[in-house]
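The block underneath contains the structure these notes are about, expressed in structure tokens.
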There are 2 protein chains.
Amino acid sequence: MTPQPARRNEQSRRAILTAALELMTEAGYSAVTIEAIAARAGVGKQTIYRWWRGKGAVILDALADNAPEVLALPDTGDLRADLRQVLRATVAEFADPRLSATTRAITIETLADDELADQVRDRLLRPQLNAVRTRLEAAREAGQVRTDAPLDQVVELLFGPLYHRWLLRNGPLTDDYADGIVDLTLAAITPPCTCLGI
Amino acid sequence: MTPQPARRNEQSRRAILTAALELMTEAGYSAVTIEAIAARAGVGKQTIYRWWRGKGAVILDALADNAPEVLALPDTGDLRADLRQVLRATVAEFADPRLSATTRAITIETLADDELADQVRDRLLRPQLNAVRTRLEAAREAGQVRTDAPLDQVVELLFGPLYHRWLLRNGPLTDDYADGIVDLTLAAITPPCTCLGI
DNA sequence: GCGTCAAGACGAGACGTTGCGTCTCGCTGT
DNA sequence: ACAGCGAGACGCAACGTCTCGTCTTGACGC
């Protein structure tokens, strides 16, 4: 009844994930169908349905499998520079049609499937957000960030506007914009002027 | 060839938009299909395809048609209180399964259709964002906001994190969270301490 | 004014296409 | 032998196009 992972064909698994990624970048999200994946991977449809819940789960695995994963941000000591680099990289990802297509695809699946959304959050997004959070904690240790700043919210203050603008096309998504968001965020979390200690 | 709007049947138009909204709130986004809309509205499918490009366009018109539209925020003089009210209202909208379903539906369509995304932005989102921007301008006049703050970015600093958390389910979406975002944003845009003038 | 008439929008639904998810084949590898 | 495998048939649902026959409407002639 339930499949036994021990007998799973690794070649088929990899062929499926590769086919899904290729279809997404070559022909766009609408071309990513179970039947197309199966055909390109040279695989029966049942083999896909045996191991995944549906298209969204395949896409998620395909992305998670090929994610190199930077687990830690660079820490040059200059918080502003480090954050700019991260946000500019995110902007570049949204600007690149190829990378943007994958983000778009997984976002669509996320909106339509709660269970999948949880996995996307835990496996793809949390690691990235946590890396930024860790960098912010280091900055707080260094006295560059006010101690009462809610760092989880600060992280979302950085990424939220980027996602918002990408989603809504509410203006150009440029390096300047990323820098502006970093500047605003830093203004929100730098220790208050003591009016005495200068 | 191209339909003549003068001869358009207003009753059918309204029946279609009403049916689309009802299906969305009663049975969820997956139940909103052209065929279902046509059946409930007592209308031929061709009548829909004659006037709309597809499901997304119908949903957009349905939402825009029934949008009450608050064109201006309250201005109590207390910027923090006014912003909190707006963001809390947005949080409530995301929390309500009924309202959230419509937002979710139009967002999915937006992700898959660039042309539609532009219309959603102009007809549904820009008015709301501009209302907040106008309130911020008034606050700037009153000296409550630093004059060099890029207000468009500030607006996205407010809404971006909310959309981000809703989209990614990256934590609870509560009034407290909305208040926290307002506090952070205000910290970013309040005039700098002059270290002299207190 | 008023009849009439053609253009075109309308409700209804048939049609071919596509993708879904399930199923049933032998075949293969362990 | 037993599962997983490739292949693909199957029924289902929705798509988008099309073709009916009916009804509405605006333009023209009287």
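Numbers restart at 1 for each chain; the letters A, B, ... are given by sequence-line order, proteins then strands.
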Rounding to an integer number of Å, can you tell me how far [X] [atom1] sits from [N] [atom2]?
X       : N       : atom1 : atom2 : answer
I16(B)  : dA12(C) : CD1   : C1'   : 14 Å
I34(B)  : dG11(C) : CD1   : P     : 14 Å
N9(B)   : dT22(D) : CG    : P     : 19 Å
W52(A)  : dG4(D)  : CH2   : P     : 14 Å
R13(A)  : dG6(D)  : CZ    : C1'   : 19 Å
R53(B)  : dT17(D) : CZ    : P     : 12 Å
E109(A) : dC20(C) : CD    : C1'   : 13 Å
W51(B)  : dG8(C)  : CH2   : P     : 12 Å

Subject >> Contact nearer the 5' end of DNA chain C, comparing P5(B) with A38(B) >> reply: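 Whichever sits nearer the 5' end wins; that is P5(B).
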Listed pairs under 3.5 Å, donor-acceptor, residues 90-97 of chain B side chains, sequence neighbours left out:
from   : atom 1 : to      : atom 2 : distance (Å)
T90(B) : OG1    : V86(B)  : O      : 3.1
E93(B) : OE2    : T103(B) : OG1    : 3.2
D96(B) : OD1    : R98(B)  : N      : 3.0

**OP:** Could you say whether Q4(A) or A6(B) is positioned toward the 5' end of DNA chain D, judged by the nucleotide with the nearest heavy atom to each?
**Re:** Q4(A)
Original post:
What residue pairs, at least two apart or across chains, pass salt bridge (Lys or Arg N to Asp or Glu O under 4.0 Å) with a residue in residues 150-163 of chain B?
Top reply: R165(A)-E156(B), R133(B)-D152(B)
**OP:** Tell me, please, which residues at least two apart from R169(A) pass side chain to side chain contact (heavy atoms under 4.5 Å, CB included).
**Re:**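 Scan of R169(A) (side chain to side chain contact (heavy atoms under 4.5 Å, CB included), adjacent residues dropped) gives R104(A), T110(B), D114(B), A117(B), D118(B), R121(B).
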Original post:
Choosing from dG11(C), dG6(D), dG4(D), which nucleotide comes nearest the side chain of R50(A)?
Top reply: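 The closest nucleotide is dG4(D).
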Subject >> Nearest-neighbour nucleotide for the T33(A) side chain, dG19(C), dC10(C), dC5(D) considered >> reply: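 Nearest listed nucleotide: dG19(C).
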Subject >> Below 4.0 Å: OP1/OP2 of dG6(D) and any side-chain N or O of T47(A) >> reply: yes
Say whether, by atom type as modelled, one donor and one acceptor occur between the side chain of [X] and the main chain of [Y] under 3.5 angstrom.
X      : Y      : value
T18(B) : A15(B) : no
T47(A) : V43(A) : no
D82(A) : T76(A) : yes

Original post:
Heavy atoms under 4.0 Å, any strand shown: does G54(B) hit a base, just sugar-phosphate, or nothing?
Top reply: nothing
Original post:
In terms of the angle between their ring planes, are H164(B) and F159(A) parallel, tilted or perpendicular, with boundaries placed at 30° and 60°?
Top reply: parallel
Subject >> ring-ring contact (aromatic ring centres under 6.0 Å, His included) pairs, two or more places apart, involving residues 104-132 of chain B >> reply: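 Passing the test, one end in residues 104-132 of chain B: no pairs.
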Output one line per pair: protein atom, nucleotide atom from nucleotides 16-18 of chain C, and distance, for all N/O pairs under 3.5 Å.
none

Subject >> Validation row: D113(B), E109(B) side chains within 4.5 angstrom (heavy atoms) >> reply: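 No - every pair of side-chain heavy atoms lies 4.5 Å or more apart.
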Original post:
When you check every protein heavy atom under 4.0 Å of nucleotides 22-30 of chain C, what one-letter string (B, S, -) results, 5' to 3'?
Top reply: BB-----B-
